[in-house]
Amino acid sequence: QVQLVESGGGLVQSGGPLSPSCRVSGTVFSDRTLGWYRQAPGKTREFVASITSGGSTFYLDAVKGRFTISRDNAKNTTYLQMNSLKFEDTASYYCNIVPWATWGQGTQVTVSS
């Protein structure tokens, strides 16, 4: 069974950086496309970024140039480096494989304006 454990969220001032991570178990990590998603209060969950097994990356337009997704196959971990954070980036952040497994608990990112 696939398990997803996010960590590394927190409270940061506008313009600051944060780098949550997600450890994945129960699957052949190196073969999977990985994605980061976020859900703000009162809104639906949205795609943020993804990275294929070959390293190709895709981003939500609103985060292009500010966020970078990466993966470490030796550690079964994916990272989301977030720079120049904005108030509107405040949300719970989740990772998942493609196709989706059961969601983890997420990690809260709060950006103070």
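Residue numbers start at 1 and run along the sequence shown.
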Asker: Which atom names give the shortest non-hydrogen contact between Y79 and S21, and what distance separates them?
Answerer: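 For Y79 and S21, the tightest heavy-atom pair comes out as CD2-CB, 3.5 Å.
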Asker: Ignoring hydrogens, what is the shortest heavy-atom contact between F67 and Y59? Give both atom names and the distance.
Answerer: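 That closest heavy-atom pairing would be O-CE2, 3.3 Å.
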Asker: Compare every heavy atom of G8 with every heavy atom of L18, then report the nearest pair and how far apart it is.
Answerer: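 In terms of heavy atoms, the two residues are closest at CG-O, 3.8 Å.
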Asker: Using only atom types and a distance under 3.5 Å, with no angle test, would you say the side chain of T77 pairs donor to acceptor with the backbone of K75?
Answerer: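 Indeed, once roles are kept as given, a pair shorter than 3.5 Å links the two residues.
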Asker: Does the Lys NZ or Arg CZ of R38 fall within the cation-pi geometry relative to Y94 - under 6.0 Å from the ring centre and within 45° of the axis?
Answerer: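 No; the conditions do not both hold, so R38 does not lie above the ring face of Y94.
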Asker: Between T52 (side chain) and G54 (backbone), is there a donor-acceptor pair under 3.5 Å?
Answerer: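 Indeed, once roles are kept as given, a pair shorter than 3.5 Å links the two residues.
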Asker: Work out which heavy atom in V48 is nearest to a heavy atom in V63; give both atom names and the distance.
Answerer: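 Residues V48 and V63, closest heavy atoms: O-CG2, 3.7 Å.
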Asker: Look at the side-chain heavy atoms of Ile, Leu, Val, Met, Phe, Trp and Tyr, link any pair under 4.5 Å apart, and say whether W100 and F47 land in one connected group.
Answerer: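 Shared cluster, yes.
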Asker: With a sphere of 6.0 Å drawn around CD of Q3, does it hold more than 12 non-hydrogen atoms of other residues, nucleotides or ligands?
Answerer: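 12 or below, so no.
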Asker: Counting only N and O atoms by type, is there a donor-acceptor contact under 3.5 Å from the side chain of Q105 to the main-chain atoms of E6?
Answerer: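 A pair under 3.5 Å: yes.
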Asker: For the residue pair W103 and Y37, categorise the inter-ring angle as parallel (less than 30°), tilted (30 to 60°) or perpendicular (more than 60°).
Answerer: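 Taking Y37 first and then W103, their aromatic rings stand perpendicular (interplane angle over 60°).
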Asker: Is any side-chain heavy atom of V109 less than 4.5 Å from a side-chain heavy atom of T90?
Answerer: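 Side chain of V109 against side chain of T90, heavy atoms only: no contact under 4.5 Å found.
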Asker: Using 4.0 Å as the upper bound for N to carboxylate O, is an ion pair formed by K86 and D89?
Answerer: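 The answer is no: the pair does not qualify as a salt bridge.
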